[in-house]
Structure formats: C-alpha cells, structure tokens
Undergrad: 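What follows is a single structure, and I will ask about it in a moment.
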Number of protein chains: 4
Amino acid sequence: MAKSKNTNKSKSSSQAQSFPPGRIKIAESLKSLLEEKEFGAITTAEIAKVAGVSEALIYKYFKDKRALLYQVLKEYLDQYRMQFELDIKGIKGALNKLRKLVWTHIYVYANNRVLAKLIFLEVRSFPDYYQSETYQWVKKEYSKRLLDIIDEGIRNGEIRDDISPKFIRQVILGGIEHVCLREVIFDQEIFPDELSENLCRLIFEGIERKTAGS
Amino acid sequence: MAKSKNTNKSKSSSQAQSFPPGRIKIAESLKSLLEEKEFGAITTAEIAKVAGVSEALIYKYFKDKRALLYQVLKEYLDQYRMQFELDIKGIKGALNKLRKLVWTHIYVYANNRVLAKLIFLEVRSFPDYYQSETYQWVKKEYSKRLLDIIDEGIRNGEIRDDISPKFIRQVILGGIEHVCLREVIFDQEIFPDELSENLCRLIFEGIERKTAGS
Amino acid sequence: MAKSKNTNKSKSSSQAQSFPPGRIKIAESLKSLLEEKEFGAITTAEIAKVAGVSEALIYKYFKDKRALLYQVLKEYLDQYRMQFELDIKGIKGALNKLRKLVWTHIYVYANNRVLAKLIFLEVRSFPDYYQSETYQWVKKEYSKRLLDIIDEGIRNGEIRDDISPKFIRQVILGGIEHVCLREVIFDQEIFPDELSENLCRLIFEGIERKTAGS
Amino acid sequence: MAKSKNTNKSKSSSQAQSFPPGRIKIAESLKSLLEEKEFGAITTAEIAKVAGVSEALIYKYFKDKRALLYQVLKEYLDQYRMQFELDIKGIKGALNKLRKLVWTHIYVYANNRVLAKLIFLEVRSFPDYYQSETYQWVKKEYSKRLLDIIDEGIRNGEIRDDISPKFIRQVILGGIEHVCLREVIFDQEIFPDELSENLCRLIFEGIERKTAGS
DNA sequence: CATGAATGAGCATTCATTCAT
DNA sequence: TATGAATGAATGCTCATTCAT
C-alpha cells in the first residue's frame with residue numbers, strides 16, 4: 001500500500017523546455033532521489049551521478065544545493081498551478097468550486113508524495129524558503145484564488161458572512177493538511193475522494209449560510 | 001507555549017543501577033542533546049563532550065551511534081512501562097482502564113517530546129529498528145496489555161464482540177498517534193486531558209456495547 | 001589619503017587599435033579588477049562577467065589566465081614607455097635627464113598602483129615571467145635608455161668616470177624601488193616630488209663629478 | 001645570495017614537548033612549506049602529506065588552517081622570546097640595551113625568513129590576527145620591554161626627555177621594518193651587523209641627550 | 001574502565017579550462 | 001568572432017569509527 005509510485009515521470013514536465021539538458025537532468029535527478037530519501041540525506045555526488053553530469057555543473061545552474069531544491073519545488077508547483085487554473089473552469093457556485101479545489105489539493109498530495117513531503121517537512125526547516133520567490137508566488141497565487149472564491153460565496157449568499165474569509169481559508173488549508181499529514185509521513189495511501197468528501201462535509205456544515213427556509 | 005520542558009531529569013532512571021557510570025553518562029548526554037536537535041545533527045564528539053568522556057568510550061558500550069539511540073529509546077520506554085503497569089492498578093472496568101491508558105499514552109507524548117519524536121520520526125527511517133529487541137519487546141508488552149484489556153471488556157460485556165479485538169487496538173493506537181503527530185512535528189503544545197477526552201468519546205461510541213436498556 | 005584613484009581610464013590606450021573588441025574588453029576588465037583585489041583572488045568568471053563576454057573567449061585570446069596578466073602588464077608598460085620617450089625630450093644635461101627619469105618613474109608608481117603592485121609583488125612569483133617577451137623587452141628598452149644617459153653624463157663630464165655605469169644604474173633603480181616598495185605594499189600614498197628630490201640628492205652627491213672648482 | 005637556508009631545523013623547538021607527535025609534525029610541516037611558498041598557496045592536503053598524517057588530524061588539533069598558521073607563528077615567537085629575555089641580561093645602559101635589542105630583532109629576521117615574511121606580509125591580511133592571543137601577548141611582552149628600556153634611558157639621562165617614549169619606540173620599530181622589508185620580500189640576504197649599526201647610529205643621534213659638556 | 005591518537009571516506013563548493021558549434 | 005555547455009581536479013573541512021595502551 002505504502003510507497004506508491006509517483007508522478008515525476010514527466011521528464012518533459014512543466015518548464016518551457018528552454019533549459020539546457022544538463023540543468024533539466026539535474027533537477028530530474030533530485031526529484032527521483034527525493035522519492036527514496038529525504039533531502040538532507042542526498043549528496044551532490046549522488047545527484048550528479050544519477051543525472052549523469054559532473055558535480056560542478058550543479059553549481060553552474062544553481063547557487064547551492066538548496067537553491068536546487070527550491071527549483072524542484074517550483075517546478076512541481078508550476079506543474080500543478082496550471083492544473084488548478086483549469087480545474088475550476090466551468091464550475092458554478094462557490095461551494096462547488098471549493099469542493100473541487102479541496103479535492104484537487106488532496107489529489108496532488110496523493111499523487112505526488114515528493115511534493116507533499118517537501119511542503120510538509122523539508123521546507124519548514126529552511127527559514128530562507130519563506131523569502132524565496134517560489135514561496136511568495138505560491139502564497140499570492142493559490143492563497144488568493146482561494147480567498148476570491150470564498151468572497152464570491154459570501155457575496156452570492158452561499159457562505160455565511162459573519163466569519164472572516166481569511167479565517168475560513170485558514171480552516172480549509174489547516175483541514176487539508178490535517179487529513180493528509182499522517183499519510184504523507186507514514187507513506188500510507190491517500191484516498192482523495194473519501195478524504196475530501198469528509199472534510200468538505202465537516203467544513204461546509206460550518207460555513208454554509210443557513211437560509212430561513214432550509 | 002509549545003516546546004515544553006521535558007522529563008529526562010531522571011538521571012537515576014529505570015535501568016537497574018547496574019550500568020557503569022561511563023555508559024550512563026553517555027546515554028544521558030544523548031538524551032539531553034536530543035532535546036535540542038535531531039539525532040542526525042548530533043555528532044559523537046558532542047555526545048562525548050557533554051558526557052564528559054572520550055569518544056572511544058561510546059564504542060566500548062555501543063556498537064555504533066544508532067545502537068546508542070536504541071538504548072536511549074529503550075530507557076525511555078522502560079521508564080514509562082513501569083508507569084503504565086502502576087497506572088491501571090485499582091481501576092475497575094475495561095473502558096475505564098482504556099481511558100486511563102489513552103490518557104497516559106498521550107500524557108507521555110505531551111511530556112517527553114524527545115521520546116515522541118523518536119517514535120514518530122527518527123526510528124522509522126532505520127529499518128533495522130523493527131528487528132531490534134527494543135521494538136520487539138515493547139510490541140509484546142504494551143500491545144499485549146492493551147489487547148488483554150479489550151478482551152476483558154468483551155468478556156464482561158462492556159465492549160461489543162462483533163469487532164476483532166486487534167482491530168479495536170489498531171483504532172486506538174492509530175487514534176492516539178493521529179491526535180499527537182501534528183503537534184509533535186510542529187512543536188506545538190499537547191493537551192492530554194482534552195485530546196484523550198475527545199478521542200475516547202469518539203472511539204468508545206463505536207466500540208461500546210449498546211445494551212438494549214441503555 | 002592613500003589608495004589614490006588610478007589611471008587606467010585610457011580605454012583606447014597604447015595598443016595600435018588593432019585588437020578585436022572582445023580582447024580589449026577582457027584586458028580592461030582585468031585591469032579594473034586588479035584595482036580591487038590581487039590577481040590570485042580574481043576568477044575567470046569575474047573577468048568574463050565584468051568584460052561582458054563569455055569565459056571561453058578569454059581562452060581564444062590568451063593561452064591562460066597568466067598570459068592575460070602579462071598582456072595587461074605589457075599594455076601598462078607600453079603606455080608609460082611612450083611617456084618616457086617624450087619626457088626627456090628637450091632636457092639638457094645628463095643629470096637633469098636622470099632627475100626627470102627618476103621623477104617620472106616614481107610618479108608612475110604613485111599613479112598606477114596596479115602596475116606598481118604587479119611589478120613588485122605579483123610578477124615575481126611567476127618564474128616564467130622573466131622569459132616572457134614583455135620582460136625582455138622592457139629590460140632592453142628602459143634599462144638601455146638609462147644606461148645611455150649615464151654614458152652621456154660620463155662623456156660630457158657631469159658624472160664621475162670611476163664607477164661602472166651599470167653599477168650606477170643599479171643604484172638608481174634599487175633606490176627607486178627602495179623608496180616606493182613600502183608604500184606600495186602597505187597602500188600608503190607616494191609623494192613623487194619629495195621622494196625623487198631626496199633620492200636624487202642622495203645619489204647625485206655620490207655620482208656627480210667633483211670638479212676642482214666646484 | 002638570496003634564498004638563504006633558514007633556522008627551523010629545530011624540530012625539537014620551543015614548545016614544552018608536551019604536544020602529541022601528530023600535532024608537532026603538522027606544525028613542522030607547515031613551517032617547512034612556508035619556506036617554499038606563501039600560506040595561501042599551501043593546501044591542507046600538502047600539509048598532511050608532508051607531515052605524514054591524515055588531513056583530518058589537522059582539524060583535531062587546530063580549528064582551521066589559519067589557527068594552524070597562528071600556532072606556527074606563536075611557536076616562532078615563543079622561541080625568540082626566550083632569546084630576547086636572555087639577550088639584554090648583564091648589559092649596562094639603556095642605549096646599549098636598545099642597540100642589542102635592535103641587533104637581535106634584525107638578526108631574527110635575517111635568520112628566520114619564514115617568521116619575517118609571516119609578520120611583514122601574511123598576517124596583516126587576516127584582521128582576526130589582531131584579536132588572537134598570539135598578537136596580544138607579543139604586543140604586551142615585546143613592546144613593553146622596549147618601552148621600559150626607553151623609560152630607563154630617559155630616567156638616567158641617556159635619552160632626551162622631550163620626545164614621547166612611545167614615539168621613540170615607534171621610530172625604532174618602524175626603522176627596523178624599514179631596513180628589512182625589502183630584503184625579506186625579495187629574498188635577499190640581511191646583514192644584521194651592518195644594518196643595526198647604521199640604524200642605531202641614525203636613531204641614537206636623534207634621541208640621545210646632548211649634555212652640555214659633550 | 002577508559003582514552004589519546006589517528007584516519008578513511010565523504011561533504012558541499014570552486015575554478016581554470018576545453019570544445020563543439 | 002563568439003559562446004553555451006560541461007568538467008577534472010582540487011579545496012577546506014567533518015564525522016563516525018578504530019585501536020594500542
């Protein structure tokens with residue numbers, strides 16, 4: 001059950017194919033090594049060997065080992081950002097959008113264990129991450145999108161207006177983290193359908209506007 | 001509030017006073033270093049320095065750095081094993097015993113962060129741990145005791161008999177882990193009273209035998 | 001007061017405008033970097049970056065990093081060679097010419113710290129420098145000119161004829177080096193007027209021909 | 001003439017033979033390498049190889065490469081400190097003591113080129129040297145001794161009392177540096193007798209008290 | 001019971017240099 | 001004329017571990 005095969009098979013993944021092959025090979029190498037062990041246990045020698053390049057090349061493309069990690073994180077996030085943008089297209093209703101978003105979020109964790117672990121464990125220990133452009137940009141993009149949908153829900157009466165939208169967002173993100181953390185850390189399978197269903201039921205019960213008639 | 005001061009003040013802790021002073025000092029040294037940083041970041045030089053002994057002595061008493069960690073883990077577990085044995089003395093009723101056990105388990109995690117982190121994070125990366133006597137022995141002792149109580153509950157009608165006792169045990173242990181993991185990882189405070197109360201309410205509702213009259 | 005601004009503003013300096021722009025940019029880049037740090041601390045990456053060219057181009061024009069240094073040295077020396085040729089034009093008397101030469105020599109050190117340091121410190125550690133054309137050619141040009149003037153002085157009775165002209169030259173060059181070395185090494189200001197005045201007074205007293213009547 | 005063989009043949013040099021052989025070999029190794037090249041050009045690998053030990057051992061005994069350099073410097077200074085203490089014993093008259101001190105100082109530079117270069121060139125680039133105990137201690141020991149003698153000279157009328165003793169000390173130390181710097185840098189021979197004679201004549205003429213009768 | 005001395009293997013990182021295009 | 005891509009060989013430094021005493 002555990003140790004599910006992940007998704008970075010996408011050699012030709014998200015970045016606009018403009019990078020030199022060496023750089024791509026290095027990033028892919030780290031991605032594949034992250035499947036097996038944590039970042040701290042991976043050496044530059046290993047990265048270079050798996051990538052089939054010299055260690056020196058790593059430092060041509062990345063300031064240091066950590067900058068490489070951030071790049072990998074960024075690539076993963078980029079890849080899913082597009083997915084997120086497409087995902088809520090055509091969905092009517094704020095709650096439905098939220099439901100879809102929650103499902104996708106959990107689905108991403110379910111299918112990309114490396115990304116999940118990176119976000120849950122690795123990145124928190126590096127205080128400089130929070131200054132990195134990757135973080136800033138995710139924060140802006142994803143967090144804002146979430147807030148917009150909540151606002152929309154409040155405006156059109158789907159969501160109660162007596163709770164701060166930011167607090168609602170906090171609860172949603174905390175909830176997602178909560179239902180996935182255990183599984184991510186212990187390499188157990190995540191079932192997006194079930195988890196998102198339960199989570200949404202719980203949260204929506206709290207945030208939905210109770211109209212007089214219903 | 002988080003980052004609570006821990007409990008390994010017990011210099012003269014559990015082991016039957018039989019160990020030579022050097023060995024004890026080394027184990028205590030690692031314990032105190034584990035309060036500050038994770039095992040991987042602790043060097044043998046540090047351990048020796050804090051213990052006030054030579055590095056070589058570590059290898060007289062322990063096969064390697066990891067064997068020392070297992071010893072420390074064992075000492076902690078020993079220490080709490082006694083506590084567990086005393087704890088349910090005089091308690092009537094399987095559910096009450098379980099309640100006490102859950103509370104104590106969570107309480108241990110709340111008060112010995114080092115042990116909690118060891119169990120949750122450190123030890124899982126060492127596959128050989130599961131072969132170690134420490135693990136085998138804890139598994140037998142603690143797990144068995146739990147099962148005994150569940151069996152007792154089934155026998156005396158407190159607990160429904162249509163669920164496998166082992167499954168019930170699994171749910172209890174998983175539940176405890178579940179409600180503590182997040183806090184342990186992110187160094188947030190754990191409130192044993194609240195957590196065990198909620199957890200027990202949830203679980204007992206499911207496992208309690210619903211007698212006609214009640 | 002020390003750390004005087006230097007003179008390699010002469011972008012279009014001595015070389016007969018024949019070099020391709022890339023080559024010129026590389027040499028100028030090294031010159032400007034030498035103002036800030038010593039040769040050993042300058043990397044080819046830096047040189048290329050400041051020059052605005054690729055690292056590879058350096059190796060198109062120069063055998064290696066050191067050959068580039070020799071080229072820079074040569075350019076500086078070229079630049080001052082012209083100055084030396086013009087300088088003694090129109091001056092009457094060997095001693096006056098020598099005085100002018102000494103002043104100019106010191107003046108060059110005072111105003112081009114990079115050149116001074118190159119000559120005093122950098123170049124001596126590279127034994128192959130003494131085989132380089134740059135060295136051979138300077139030796140011939142400048143040293144010979146000096147000797148010619150001394151000879152002229154002896155011939156026309158200004159300078160005593162009982163000391164070998166080469167020894168006199170040696171004393172003059174040694175003296176110049178002597179009065180500048182300390183300042184160059186410790187980055188202290190050099191005062192050409194004062195230093196050359198004192199040096200000439202000292203040396204000329206020794207080499208001047210004492211005629212009966214004077 | 002240049003490149004005179006130096007004096008660190010003293011394998012069993014100054015330190016109280018209490019150091020382990022590895023540490024001694026490392027220090028001696030650096031000393032011998034400093035005869036050939038400057039500190040910056042010496043690698044830890046070389047030091048270890050010449051010493052016949054592993055690179056790791058260097059870091060057992062010294063914080064880093066620079067700390068090793070300071071240790072070497074300290075050993076040299078220690079060695080000569082004893083010499084200085086004995087040297088002025090039994091000499092009458094402050095000027096005679098100063099003369100002896102100047103001679104010995106120059107003699108040390110003449111016979112230990114490595115030490116001389118260390119002091120003149122290497123150590124100035126490391127700002128942290130001036131915080132090192134080695135520096136503080138030399139400053140105190142040697143500088144103070146010099147000042148004491150000058151004071152003594154002023155008290156007994158040998159030295160004029162209208163110039164600050166510290167200024168006199170400054171002139172003496174600057175003078176010694178002045179007459180040795182060139183030779184040290186260019187690896188030319190130093191003649192202590194001649195240099196100290198000339199230097200003392202020059203300085204003493206200025207600082208000696210001109211009594212009415214003389 | 002304890003240690004002083006020593007190290008092999010590895011670490012992230014740097015840099016001058018090469019070569020196909 | 002110019003460069004993008006790549007690297008071999010170091011560099012200073014760390015650490016768990018061994019062994020004679």
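Only this structure's heavy atoms are used, side chains among them; waters, hydrogens and symmetry mates stay out. To find a chain, count down the sequence lines: A is the first, B the second, and so on, and within it residues start at 1.
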Undergrad: When all nucleic acid strands are considered with a 4.0 Å heavy-atom cut-off, which category describes Tyr61(D): base, sugar-phosphate, or nothing?
TA: sugar-phosphate
Undergrad: May I have the distance from Leu30(C) (atom CG) to dA16(E) (atom P), rounded to whole angstrom?
TA: 11 Å
Undergrad: Can you confirm whether Phe120(A) sits close enough to Lys117(A) that some side-chain heavy atom of one is under 4.5 Å from a side-chain heavy atom of the other?
TA: no
Undergrad: Whole Å only: how far is the CD1 atom of Ile58(C) from the C1' atom of dG4(F)?
TA: 14 Å
Undergrad: Base contacts versus sugar-phosphate-only contacts with protein, heavy atoms under 4.0 Å: please encode nucleotides 15-21 of chain F as B, S and - from 5' to 3'.
TA: BBBBBB-
Undergrad: State which residues pass side-chain contact (heavy atoms from CB on, under 4.5 Å) with Ala56(C); sequence neighbours excluded, sorted by chain then number.
TA: Ser54(C)
Undergrad: How long is the line joining CZ of Phe39(A) and C1' of dC11(E), in whole Å?
TA: 13 Å
Undergrad: Ile47(A) has an atom CD1; how far is it from atom P of dG10(E), in whole Å?
TA: 16 Å
Undergrad: Under a 4.0 Å threshold between the charged nitrogen and the carboxylate oxygen, would Arg113(C) count as salt-bridged to Glu35(C)?
TA: no
Undergrad: What's the CG-C1' distance between Leu33(A) and dA12(E), to the nearest Å?
TA: 16 Å
Undergrad: By side-chain contact (heavy atoms from CB on, under 4.5 Å), which residues pair with Ala51(B), not counting sequence neighbours?
TA: Lys25(B), Ile26(B), Ser29(B), Val53(B)
Undergrad: Quick one: which residue pairs count as a ring pair (Phe, Tyr, Trp, His ring centres under 6.0 Å) with a foot in residues 29-73 of chain D, not counting sequence neighbours?
TA: Tyr70(D)-Tyr129(D)
Undergrad: Which dot-bracket string describes DNA chain F (Watson-Crick N1-N3 plus N6-O4 or O6-N4, or G-U N1-O2 and O6-N3, all under 3.5 Å; [ ] crossing; | other strand)?
TA: .||||||||||||||||||||
Undergrad: Between Gly52(B) and Val53(D), who's closer to the 5' end of DNA chain E by nearest nucleotide?
TA: Gly52(B)
Undergrad: Assuming nearest nucleotide by heavy-atom distance, tell me which of Glu46(D) and Lys25(C) is located more 5' along DNA chain F.
TA: Lys25(C)
Undergrad: I need the full list of side-chain hydrogen bond (donor to acceptor under 3.5 Å, both in side chains) pairs touching residues 37-51 of chain C, with sequence neighbours left out, sorted by first then second residue.
TA: Lys37(C)-Glu46(C), Thr44(C)-Glu55(C)
Undergrad: Check whether the side chains of Glu75(C) and Gln71(C) place a donor and an acceptor atom closer than 3.5 Å, and report yes or no.
TA: yes
Undergrad: Can you check the Leu69(A) CG to dT13(E) P distance for me, whole Å?
TA: 12 Å
Undergrad: With the side chain counted from C-beta on, respond yes when Leu69(D) and Leu34(D) share a heavy-atom pair under 4.5 Å apart, and no when they do not.
TA: yes
Undergrad: Can you measure Ile24(B) atom CD1 to dC1(E) atom P for me and round it to whole angstrom units?
TA: 12 Å
Undergrad: Any non-hydrogen side-chain atom of Val72(A) less than 4.5 Å from a side-chain atom of Val114(A)?
TA: no
Undergrad: With respect to the side chain of Ser54(A), which nucleotide from dT7(F), dT3(E), dA6(E) is positioned closest?
TA: dT7(F)
